[in-house]
**Student:** 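Quick one: this structure, given as structure tokens, is what I'll be asking you about.
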Amino acid sequence: MYVRDAMSSVVLTIGPAHTLRQAAGLMSARRVGSAIVLDPDTSGLGILTERDILNSLGAGQDPDHETAHAHTTADAVFAAPGWTLEEAARTMCQGGFRHLIVLEAGDPVGVVSVRDIIRCWAPAPQPALA
């Protein structure tokens, strides 16, 4: 199986000035665990994850004043839709992260998470026989 088979094509893109509270609200509404942060000043993509928000809150920071920019992983690792799920899983394990932005022709087309990969690899539950 390939990243294109597992990735979520629901891509939430936010700006670097979004507060962490705004980002969390958008992530919750879309039911996603990460947001792609597009910074027009740097022409770069970064990623903000649930863990980034949790770490900020755990440090006692105010989610109404902390911005996505301050908590974005700017050196994000990217995947291609044609990567195998094994390649994606290995990359996540080696890097110690749970999300990969999927790029096609330089544009974000999805996000693949550890959970997405597990869903593909885990057998579907079988209904109980009566």
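One-based numbering along the sequence shown. Fair warning: this is a prediction, and the values are worked out from it, not measured in the lab.
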**Student:** Using side-chain heavy atoms (C-beta onward) and a distance below 4.5 Å, is Gln61 in contact with His71?
**Tutor:** yes

**Student:** Hey, does Leu57 have a side-chain heavy atom less than 4.5 Å from the side chain of Pro63?
**Tutor:** yes

**Student:** Please check if atom NE2 in His69 has more than 12 non-hydrogen atoms from other residues, nucleotides or ligands closer than 6.0 Å.
**Tutor:** no

**Student:** Give the cluster check for Met27 versus Ile14: same hydrophobic cluster or not, with ILVMFWY residues linked at side-chain heavy-atom distances below 4.5 Å.
**Tutor:**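 Looking at the clustering, Ile14 is in the same group as Met27.
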
**Student:** Is it possible for you to say whether Val102 and Trp121 belong to one hydrophobic cluster, with membership spreading through side-chain heavy-atom contacts below 4.5 Å?
**Tutor:** yes

**Student:** I need the minimum non-hydrogen distance between Gly46 and Ile101, along with the two atoms involved.
**Tutor:** O-CD1, 3.7 Å

**Student:** Please find the pair of heavy atoms, one from Gly96 and one from Arg51, that lie closest to each other, and give the distance.
**Tutor:** O-NH1, 4.3 Å

**Student:** Ala68 and Gly15: which non-hydrogen atoms are nearest, and at how many Å?
**Tutor:**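 Closest approach of Ala68 to Gly15, heavy atoms only: CB-O, 3.8 Å.
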
**Student:** Could you tell me which non-hydrogen atom of Val109 sits nearest to which non-hydrogen atom of Pro81, and how far apart they are?
**Tutor:**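 Heavy atoms of Val109 and Pro81 come nearest at CG2-CG, 4.3 Å.
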
**Student:** Are Phe78 and Val37 grouped together when hydrophobic residues (ILVMFWY) are joined by side-chain heavy atoms under 4.5 angstrom apart?
**Tutor:**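 No: no chain of side-chain contacts under 4.5 Å links Phe78 to Val37.
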
**Student:** At their closest point, which heavy atom of Arg4 faces which heavy atom of Gly82, and how far apart are they?
**Tutor:**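 Closest pair (atom of Arg4, atom of Gly82, distance): NH2-CA, 3.6 Å.
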
**Student:** What are the two closest heavy atoms between Met7 and Gly110, and how far apart are they?
**Tutor:**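 Nearest pair, atom of Met7 first, then Gly110: SD-CA, 4.1 Å.
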
**Student:** Please report the C-alpha distance between Tyr2 and Glu87 in whole Å, then the side-chain angles of each, then the deciding distance to 0.1 Å, and finally whether the side-chain contact (heavy atoms from CB on, under 4.5 Å) criterion is met.
**Tutor:** CA-CA 9 Å; Tyr2 297 95; Glu87 287 175 283; over 6 Å; no

**Student:** Measure the shortest side-chain to side-chain distance between Thr73 and Thr49 over non-hydrogen atoms and say whether it is less than 4.5 angstrom.
**Tutor:** no

**Student:** Out of Leu12, Leu20, Ile36, which one pairs with Leu48 under the side-chain contact (heavy atoms from CB on, under 4.5 Å) rule?
**Tutor:**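 Exactly one option meets the side-chain contact (heavy atoms from CB on, under 4.5 Å) with Leu48, and it is Leu20.
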
**Student:** Can you measure from OG1 (Thr84) to CD1 (Ile117) and round to the nearest 0.5 angstrom?
**Tutor:** 9.0 Å

**Student:** Can you tell which of Ile47, Val77, Val3, Val111 makes a side-chain contact (heavy atoms from CB on, under 4.5 Å) with Leu100?
**Tutor:** Val77

**Student:** Tell me whether Leu45 is reachable from Val112 by hopping between hydrophobic residues (I, L, V, M, F, W, Y) whose side-chain heavy atoms are closer than 4.5 Å.
**Tutor:** no

**Student:** CZ/Arg119 to OG/Ser8 distance, rounded to the nearest 0.5 angstrom?
**Tutor:** 9.0 Å

**Student:** Check whether any side-chain heavy atom of Ser113 lies under 4.5 Å from a side-chain heavy atom of Arg98, and answer yes or no.
**Tutor:**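 Side chain of Ser113 against side chain of Arg98, heavy atoms only: no contact under 4.5 Å found.
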
**Student:** Would you give the length of the straight line joining atom NE2 of His99 to atom CE of Met92, rounded to the nearest 0.5 angstrom?
**Tutor:** 8.0 Å

**Student:** Side-chain heavy atoms nearer than 4.5 Å, only ILVMFWY residues, links allowed to pass through others: does that put Val32 and Phe97 together?
**Tutor:** no

